[in-house]
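Source: prediction; values computed, not measured. Whatever order the structure lists ligands and atoms in, that order sets their numbers, starting from 1.
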Amino acid sequence: MTRTCLSIVLAAGEGVRMRSSRPKVLHAIGGAPLIAHVLAAVHEVGGSTAVVVGPNAEVLTEAVADLMPSAEIAVQRERRGTAHAVLAAKDAIARGYDDVLVLFADTPLVRAETLAKLRAALADGAAVAVLGFRTANPTGYGRLITQDGELIAIREHKDASAAEREITLCNGGLMALRGDLALKILTKVGNQNAQGEYYLTDAVAIAREMGLKAVALEAPEDEVHGVNSQAQLAQAEALLQRRLRGAALDAGVCMVAPDTVHFCADTKLGRDVVIEPFVVFGPGVVVEDGARIRSFSHLEGAHVGPSAAIGPFARLRPGARLGAKVRIGNFVEVKEADIADGVAANHLSYIGDARVGEGTNIGAGTITCNYDGFDKHRTEIGAEAFIGSNSSLVAPVKVGDRAYVGSGSVVTADVPPDALALGRGRQAVKEGWATAWRGAHANRPKKARHKG
Ligand code: UD1
Ligand code: MG
């Protein structure tokens with residue numbers, strides 16, 4: 001029989017050390033808020049979720065509603081410790097679950113597999129399971145006190161004796177409690193300690209006093225990395241990037257300099273994708289099999305079709321949808337545009353709010369003039385068309401299938417299929433003019449050019 005689970009995510013901290021007006025857990029790593037990573041892990045575990053927020057947490061509450069509409073919000077009016085925070089969700093606990101998981105919203109790198117292990121410890125008979133880790137610098141963390149392989153207590157750093165402070169096995173903060181006992185245990189927690197707070201960590205000693213079993217599992221340090229400052233946010237990002245790069249390489253993506261590639265947690269890459277050095281993926285990017293993303297390209301909200309080639313120095317913005325074998329070259333920007341199979345836009349262009357049909361060639365310097373200062377307008381280009389270099393397509397405008405646009409044209413009216421559009425000044429040629437000009441200036445010294 002599958003066990004039911006309630007995950008309680010603590011997010012009532014003030015985050016003063018971030019020195020930011022944004023709530024701490026809405027700061028992002030891998031393109032998503034810290035709390036989104038925790039909610040994603042919790043979602044994988046399954047069951048119900050409650051998020052504990054502080055007073056006046058409207059922005060955070062709205063973000064949680066967006067990220068996980070099914071999550072219930074519990075408000076902790078005063079910040080009186082982690083056990084007190086968990087009890088803010090006591091109505092949810094009282095509904096009755098087999099397992100109660102407690103997580104911190106500012107500890108974003110925990111894996112769903114690890115949460116499953118904590119739950120497995122409950123299924124094996126423990127009343128409390130704690131996630132520990134070993135660290136070279138344990139200052140500030142609660143220490144796990146074990147005896148004959150059993151967890152007997154957690155001592156907060158500020159309450160620990162000198163001998164206890166020597167312990168390097170620390171509390172990562174996450175905990176699983178047997179659902180039917182969670183309220184019984186937590187309501188026994190007092191605040192007679194160095195910080196005058198209700199410590200969740202006291203659950204271990206209380207469970208022991210009740211004759212119940214507590215266990216500690218060990219996780220790698222990166223999984224319990226907490227974020228309290230901008231520096232720790234940057235460290236969390238670095239840890240996540242390492243993970244994402246490793247996963248991409250394992251999935252068959254080729255990167256010769258993975259440390260220079262920046263991913264988002266939701267970046268999706270196919271097989272035989274090649275990513276050259278110094279590429280940045282913003283949120284919402286999908287790259288299909290065999291595509292190549294060349295150096296210094298920036299992609300966000302874009303879909304890259306199979307065997308397409310992007311960059312170097314290309315920018316794909318949200319709504320860029322590229323078909324198979326599309327080529328987007330240097331200094332080309334694409335936004336909100338459907339680019340069909342085999343289209344080439346190799347140099348210095350802006351294609352926005354547009355549709356480009358199969359096999360069309362977009363010459364260097366082509367610009368879709370999509371904005372009139374008030375509204376955005378669309379440019380529709382057919383298949384197998386040829387847009388000459390340095391053309392401005394003033395939207396709304398259509399260029400038909402197989403049509404040509406002469407270089408340097410400003411296209412303000414629709415171009416029918418198979419036609420040629422020319423929208424530029426006619427060229428004048430004056431034979432011998434240059435010779436006469438030089439003759440008229442024959443006895444004058446040239447000014448040094450470099451002085452401008
Ligand atoms: C906690 C653990 C400590 C562990 C460390 C790991 C306790 C008592 N101590 O200490 O053993 O080594 O995490 O990082 O649990 N929160 C609330 N309401 C409160 C208090 C805290 O929501 O009243 C939230 C915070 O926002 C944060 C989390 O709980 O996300 C942990 O609180 P924090 O004050 O950072 O605990 P630590 O002192 O770091
Ligand atoms: Mg902390």
What are the atoms of ligand 1, with element, lying closer than 4.0 Å to any heavy atom of [X]?
X: Thr201; value: 7 (C), 8 (C), 9 (N), 11 (O), 15 (O)
X: Asp106; value: 27 (C), 30 (O)
X: Tyr199; value: 8 (C)
X: Gly172; value: 6 (C)
X: Ala85; value: 17 (C), 18 (N), 22 (O)
X: Leu10; value: 22 (O), 24 (C), 29 (O), 30 (O)

For the 3.5 Å polar cut-off, considering only N or O atoms, please tell me whether [X] and ligand 1 meet it.
X: Asn171; result: yes
X: Gly81; result: yes
X: Gly13; result: yes
X: Glu78; result: no
X: Thr82; result: yes
X: Gly142; result: yes
X: Gly140; result: no

Does a sphere of radius 6.0 Å around [atom1] in [X] hold more than 12 heavy atoms from other residues, nucleotides or ligands, not counting ones at 6.0 Å or beyond?
X: Glu78; atom1: CD; result: no
X: Arg242; atom1: CZ; result: no
X: His157; atom1: NE2; result: yes

- Counting heavy atoms only, name the option from Arg80, Gln76, His225 that's nearest to atom 17 (C) of ligand 1. Gln76
- Task: Please work out whether any backbone atom (N, CA, C, O) or any side-chain heavy atom from C-beta onward of His84 is under 4.0 Å from ligand 1, and answer side chain, backbone, both or neither.
- Result: neither
- Item | Under-4.0 Å heavy-atom contact with ligand 1, by part of Glu197 that carries it | neither
Carboxylate-amine/guanidinium contact [X] [Y], below 4.0 Å:
X: Arg243; Y: Asp222; answer: yes
X: Arg95; Y: Glu72; answer: yes
X: Glu150; Y: Arg208; answer: yes
X: Arg143; Y: Glu164; answer: no
X: Glu218; Y: Arg134; answer: yes
X: Arg119; Y: Asp99; answer: yes

Which residue and atom name correspond to the protein heavy atom nearest [atom], and how close is it?
atom: atom 13 (O) of ligand 1; answer: Phe104 CE1, 3.3 Å
atom: atom 9 (N) of ligand 1; answer: Glu156 OE1, 3.0 Å
atom: atom 14 (O) of ligand 1; answer: Tyr141 CE2, 3.8 Å
atom: atom 16 (N) of ligand 1; answer: Arg79 NH2, 3.8 Å

Distance-only side-chain donor-acceptor flag, [X] / [Y], under 3.5 Å:
X: Tyr97; Y: Ser48; result: yes
X: Glu197; Y: His84; result: no
X: Asp353; Y: His377; result: no

[X] to ligand 1, any heavy atom closer than 4.0 Å:
X: Cys170; answer: no
X: Gly226; answer: no
X: Val52; answer: no

- Anything under 30° is parallel, anything over 60° is perpendicular, the rest tilted; go ahead and classify Phe133 against Tyr141. perpendicular
- Member of Glu333, Glu336, Glu300 meeting the side chain to side chain donor-acceptor pair (under 3.5 Å) criterion with Arg317: Glu333
- Item | Test applied, side chain to side chain donor-acceptor pair (under 3.5 Å); reference residue, Asp338; option that passes from His303, Arg321, Arg355 | Arg321
- Query: Just to confirm, does any protein heavy atom lie below 4.0 Å from atom 37 (P) of ligand 1?
  - Reply: no
- Query: Does atom 26 (O) of ligand 1 have a protein non-hydrogen atom under 4.0 Å from it?
  - Reply: yes
